[in-house]
Amino acid sequence: MIVMKFGGTSVQDEEAIGRVISIVRSRLSEKPLVVVSALARVTRLLCAVADEAGQQNEEKVRELLAQLRERHFSLAANLLSGSPELLGECNRDIETLISGVANFVGGVCQIGELSPRSEARIISVGELLSSTIISYAFNASGITCHWIDARRMITTDDNYLSARPDLQVTEANVKRIVGMESRGTDLMITQGFVASTGKGATTVLGFEGSDYSAAIFGMALNAERVEIWTDVDGIRTADPRVIHDTRKIDVISYEEAAEMAAMGARVLHPLTIEPARKRNIPIRVLNSSNPSCEGSLVVRSDEAPDGPKSVAFRDGILFIRIASDKLEGVCSMLGKVSGALFARRIPVTMAKATESEVYLVIPEEWDGLEDALDEIAAWASVTVYRDKAFISVVGRNITSSEGLGDKVISVAGKVHLADVGANLMSESFVIDRERLQPTLEAVHGFIFKDS
Ligand code: ASP
Ligand code: MG
């Protein structure tokens with residue numbers, strides 16, 4: 001079996017879905033489980049619906065729900081124009097989903113309060129709608145397709161908006177349900193992103209969570225591979241929206257891909273790697289607008305080459321210096337600082353400690369950060385530097401590429417803090433935000449100029 005996940009832009013309209021159908025048709029002998037995202041921009045629209053409902057802006061909610069209807073009904077009409085019977089059934093299903101969410105949103109509007117649980121329920125509808133319509137489109141094209149509700153398979157905790165799966169329970173569910181329901185059909189389709197608690201309340205896996213869903217299904221089914229179909233030719237040496245002469249990475253290890261995600265690259269949802277690595281399931285990142293391109297392969301580290309793979313960055317970070325006037329020791333410094341941050345679940349992109357100082361890189365605007373820094377300020381002096389950016393060169397054993405770190409830093413010019421990741425898989429530094437673009441270009445050009 002294989003798992004094929006199609007992101008929002010790969011299913012955004014009739015044309016894109018036509019391409020998906022022909023790509024999947026070429027893989028039918030491998031028994032695909034197809035996992036789809038919501039149509040492009042629909043999750044964002046649903047988030048706006050939820051938000052406006054919480055603020056009791058009924059007029060705005062009505063307008064947004066009308067857009068949701070129009071987009072899905074017209075897509076179904078275009079895709080299924082040659083199969084009036086299927087179109088009728090599909091329209092009934094779309095109506096059930098949309099009127100269901102409209103009623104629910106009406107309730108949220110009335111009480112004027114949006115809980116994470118309600119929000120998860122609202123935003124999950126995007127994937128339920130897209131998978132329903134695409135399932136009918138497969139059937140209309142002569143491929144028998146069976147639709148499965150992912151909430152029956154992925155069981156999570158009750159952290160509704162970025163829920164974490166219970167992998168053991170999930171694996172058993174997936175095996176049982178897919179095993180039984182795959183009989184007699186060419187293919188199965190389900191949703192990315194959506195899941196449910198053991199008690200049946202809808203949850204979602206966090207933004208861009210469909211990749212993660214695909215990896216979870218791949219693990220549970222012991223799939224031969226997981227294909228992640230997007231709109232670029234695989235994983236790039238940098239974000240192509242920022243740097244124009246990026247290259248495709250042919251082969252990269254799970255660890256490097258995870259490090260790229262941790263350092264800010266928008267490649268795969270950061271948790272995607274874990275389930276795949278667990279069972280050693282290769283992930284291939286492919287372009288649905290250019291299916292003949294081989295894309296990028298993510299595999300075990302002994303199957304991937306060493307050396308720099310990409311330049312990742314985070315724009316808008318806080319660079320924080322914490323200094324004690326005592327020689328506290330590295331452990332004490334790190335222990336006290338981490339305690340204050342961890343208690344508030346504040347993510348740290350990079351940390352470096354000496355006997356009396358800790359330097360931190362933290363994403364801007366994080367709830368609870370001010371409290372944490374107040375707590376630390378009781379025993380140390382805290383300086384927060386704003387308008388900084390963070391650049392990271394990622395690749396296994398980059399430290400063994402002779403002098404690379406020094407050269408990168410000299411190309412980058414003035415840096416505030418440089419550090420080699422403890423896993424020896426990244427060389428990172430902090431610079432002034434206004435120099436981000438030219439520095440990224442210089443570093444990327446320097447590393448990949450001859451490759
Ligand atoms: N539709 C969700 C999102 O936009 C999940 C995904 O596409 O991966 O974040
Ligand atoms: Mg995506």
Side-chain angles (χ1 to χ4, degrees), residues 3-13 16-17 20 33-51 64 67-68 71-72 75 94 97-98 101 116 118-135 147-151 153-154 156 159-165 170 189-196 202-219 226-232 234-235 239 241 257-258 260-261 264-276 283-289 298:
V3 173
M4 304 175 75
K5 177 255 164 176
F6 293 90
T9 46
S10 299
V11 295
Q12 62 185 348
D13 54 23
I17 293 173
V20 167
L33 170 66
V34 171
V35 178
V36 293
S37 290
L39 311 183
R41 299 180 303 282
V42 164
T43 306
R44 235 182 295 157
L45 187 143
L46 289 163
C47 286
V49 168
D51 220 44
L64 293 169
Q67 287 174 28
L68 186 75
R71 177 106 185 256
H72 290 90
L75 176 66
I94 298 174
L97 285 165
I98 296 189
V101 73
S118 301
E119 185 168 2
R121 179 155 164 190
I122 295 168
I123 65 181
S124 67
V125 172
E127 270 73 7
L128 294 170
L129 283 165
S130 64
S131 60
T132 298
I133 296 171
I134 296 166
S135 172
W147 184 90
I148 308 180
D149 189 332
R151 291 172 297 186
M153 298 192 279
I154 301 188
T156 67
N159 187 0
Y160 296 98
L161 292 171
S162 64
R164 291 296 156 256
T170 298
I189 190 169
T190 191
Q191 309 78 44
F193 187 53
V194 309
S196 73
T202 299
T203 59
V204 295
L205 303 182
F207 286 105
E208 298 287 330
S210 295
D211 294 345
Y212 189 28
S213 302
I216 295 168
F217 289 123
M219 180 210 79
V226 172
E227 295 182 347
I228 304 281
W229 291 85
T230 67
D231 54 359
V232 281
I235 304 176
D239 187 336
R241 285 164 297 192
M260 278 175 72
R266 276 176 282 181
V267 267
L268 294 170
H269 180 284
L271 295 173
T272 304
I273 305 301
E274 216 28 65
I283 299 178
R284 205 174 259 291
V285 180
L286 296 146
N287 183 355
S288 63
S289 298
V298 189

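Whatever order the structure lists them in is the order used to number ligands and atoms, beginning at 1. All residue numbers in this chain count up from 1 along the given sequence. As the structure is a prediction and not an experimental result, all values here were calculated from the model.
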Can you find a pair of side-chain heavy atoms, one from I216 and one from L205, that are under 4.5 Å apart?
-> yes

Rounded to the nearest 0.5 Å, what separation is found between the CZ atom of F193 and the CD1 atom of I123?
-> 4.0 Å

G209 to ligand 1, any heavy atom closer than 4.0 Å = yes

Would you check if the side chain of S131 reaches a backbone N or O of V36 as a donor-acceptor pair within less than 3.5 Å?
-> no

Quick one: look at F207 and ligand 1, take heavy-atom pairs under 4.0 Å, and tell me if it's side chain, backbone, both or neither.
-> both

May I ask you to check whether T43 has an N/O atom sitting below 3.5 Å from an N/O atom of ligand 1?
-> yes

Between the main-chain N or O of A40 and the side-chain N or O of Q12, is there a donor-acceptor pair closer than 3.5 Å?
-> no

How does E127 reach ligand 1, by side chain, by backbone, by both or by neither, if only non-hydrogen atoms under 4.0 Å count?
-> side chain

With a cut-off of 4.0 Å, which atoms of ligand 1 are near a heavy atom of S37?
-> 6 (C), 7 (O), 8 (O)

Min side-chain heavy-atom separation L75-I17 under 4.5 Å | yes

